[in-house]
Amino acid sequence: MSTRPKTYLTPEEYLSIERRNEYKSEYMDGEILAMTGASRRHNIINVNLTREISQQLRGRPCEVYAGDMRVRIASRRADAYTYPDVVVVCGEPQFEDDRLDTLLNPAVIIEVLSDSTELYDRGKKFSFYRAIESLAEYVLVAQDEHKVEKYAKQPDGRWLLSDHRAPEEVVELASVECSLALREIYDKVVLPPSDLKGGELL
């Protein structure tokens with residue numbers, strides 16, 4: 001067991017390193033978290049989500065980013081940089097600096113779950129995302145079954161969960177006026193048999 005102390009970086013140190021790196025890493029309270037590659041199903045779902053949202057945002061003052069747009073979370077209880085699978089912003093996007101590669105005001109964040117990231121996406125990452133004032137909806141998409149969970153911020157600050165599990169169901173993203181049919185989200189995705197869920201390395 002290693003007793004070597006962890007190295008903690010400031011946000012400025014992380015960003016300087018990250019902008020020089022050839023691979024992506026996230027940042028949580030001083031620690032750098034390496035990111036792993038995505039599975040075939042993950043990639044197809046990501047493309048489907050981006051396609052559906054982009055089509056519905058056509059001609060509107062909104063933008064959708066997939067995978068490579070870094071998001072900054074900075075508040076009294078959170079200090080992080082993440083790379084959500086899909087991010088939507090409506091109105092004027094706000095960036096950390098003139099490099100325009102770190103978004104500050106997302107309205108919707110979508111994460112496609114995998115075995116290696118599900119606990120992180122549901123737990124610590126979601127707790128950090130809740131500190132973003134502009135964030136109105138957080139969506140978790142399973143890749144081994146028809147399952148989409150949407151958390152919507154309520155006027156009193158609480159987050160309301162709606163659970164969607166049937167192919168004919170539709171997820172309403174009220175904050176950006178988009179509708180996502182599960183049939184479209186999972187288009188061309190070959191799901192594993194129900195008795196093998198969770199058994200594939202993702």
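- The closest donor-acceptor contact from the side chain of Lys147 to the backbone of His164 lies at 3.5 Å or more, if one exists at all.
- A continuous path of hydrophobic side-chain contacts links Val171 to Leu57 [ILVMFWY only; heavy atoms under 4.5 Å].
- Using modelled atom types, no side-chain atom of Tyr81 and backbone atom of Tyr14 make a donor-acceptor pair closer than 3.5 Å.
- Glu31 contributes no side-chain N or O that, together with a main-chain N or O of Tyr8, makes up a donor-acceptor pair within less than 3.5 Å.
- Under the side-chain hydrogen bond (donor to acceptor under 3.5 Å, both in side chains) test applied with Ser16, the options Glu18, Arg19, Arg20 reduce to a single match, Arg20.
- Side chains of Glu172 and Val170 form a contact here, defined as non-hydrogen atoms less than 4.5 Å apart.
- Judged by distance alone, the side chain of Ser75 and the main-chain N or O of Ala78 form a donor-acceptor pair under 3.5 Å.
- Looking at Leu140 and Val148, their side chains never come closer than 4.5 Å, going by heavy atoms from C-beta outward.
- Taken together through direct or relayed side-chain contacts under 4.5 Å among Ile, Leu, Val, Met, Phe, Trp and Tyr, Leu49 and Leu113 form parts of separate hydrophobic clusters.
- Inter-residue side-chain proximity for Arg165 and Glu145 is flagged as met; some heavy-atom pair is nearer than 4.5 Å.
- Between Tyr151 and Phe126, the ring-plane angle classifies as tilted under the 30° and 60° cut-offs.
- Here Ile132 contributes atom CD1 and Ile73 contributes atom CD1; the two are 4.5 Å apart, rounded to the nearest 0.5 Å.
- Criterion: ILVMFWY side-chain heavy atoms under 4.5 Å apart, direct or through other members. Under it, Val71 and Trp159 are part of a common hydrophobic cluster.
- A side chain to side chain contact (heavy atoms under 4.5 Å, CB included) with Val86 holds for exactly one of Asn46, Ile109, Val108, Ile45; it is Asn46.
- A 6.0 Å sphere centred on CG of Leu119 holds no more than 12 heavy atoms belonging to other residues, nucleotides or ligands.
- Each of Asn48, Ile53, Val139 was compared with Leu180 under the side chain to side chain contact (heavy atoms under 4.5 Å, CB included) criterion, and only Ile53 meets it.
- At least one side-chain heavy atom of Met28 sits under 4.5 Å from a side-chain heavy atom of Thr82.
- Around atom CD of Gln55, more than 12 heavy atoms belonging to other residues, nucleotides or ligands sit under 6.0 Å away.
- Panel note: side chain Glu26, backbone Ala34; no donor-acceptor pair is recorded below 3.5 Å.
- Although no hydrogens or angles enter the test, the distance criterion places a donor-acceptor pair under 3.5 Å between the side chain of Glu169 and the main chain of Ala166.
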| message | Let's go through Phe95 and Leu100 carefully: what are the C-alpha distance in whole Å and the side-chain angles of both, what is the deciding distance for side-chain contact (heavy atoms from CB on, under 4.5 Å) to 0.1 Å, and is it a yes or a no? | response | CA-CA 6 Å; Phe95 295 96; Leu100 307 183; 3.6 Å; yes

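- Residues Glu118 and Tyr120 bring no donor and acceptor atom of their side chains to less than 3.5 Å of each other.
- In this structure, the side chain of Arg60 does not engage the main chain of Cys90 through any donor-acceptor pair within 3.5 Å.
- With respect to Leu103, the side chain to side chain contact (heavy atoms under 4.5 Å, CB included) criterion is satisfied by exactly one of Met69, Arg72, Arg70, Gln94: Met69.
- Residues Val64 and Val89 do not share a hydrophobic cluster, defined by chaining ILVMFWY side chains whose heavy atoms lie under 4.5 Å apart.
- The backbone N or O of Gly67 sits less than 3.5 Å from a side-chain atom of Lys24, completing a donor-acceptor pair.
- With a 4.5 Å cut-off on side-chain heavy atoms, Ser127 and Arg130 count as touching.
- Leu33 and Leu9 fall into different hydrophobic clusters, where Ile, Leu, Val, Met, Phe, Trp and Tyr residues are linked whenever their side-chain heavy atoms come under 4.5 Å apart, directly or through other members.
- For the residue pair Tyr83/Glu111, the side-chain donor-acceptor check at 3.5 Å is not satisfied.
- Side-chain contact check for Thr117 versus Met35: every heavy-atom pair is 4.5 Å or farther apart.
- In the model, Gln143 has a side-chain atom that pairs as donor or acceptor with a side-chain atom of Ser39 under 3.5 Å.
- Considering only heavy atoms from C-beta on, Val141 comes within 4.5 Å of Tyr186 through its side chain.
- Listed for the Glu96 side chain is no donor-acceptor partner under 3.5 Å among the backbone atoms of Leu104.
- The shortest distance between side-chain heavy atoms of Asp121 and Tyr138 falls below 4.5 Å.
- Taking a 6.0 Å sphere around CZ of Arg40, one finds it holds 12 or fewer heavy atoms contributed by other residues, nucleotides or ligands.
- Lys153 contributes a side-chain N or O that, together with a main-chain N or O of Leu135, makes up a donor-acceptor pair within less than 3.5 Å.
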| message | Show, in sequence, the C-alpha distance, side-chain angles and deciding distance for Asp156 and Arg158, and conclude whether the salt bridge (Lys or Arg N to Asp or Glu O under 4.0 Å) test is met. | response | CA-CA 6 Å; Asp156 61 3; Arg158 292 184 298 172; 2.8 Å; yes

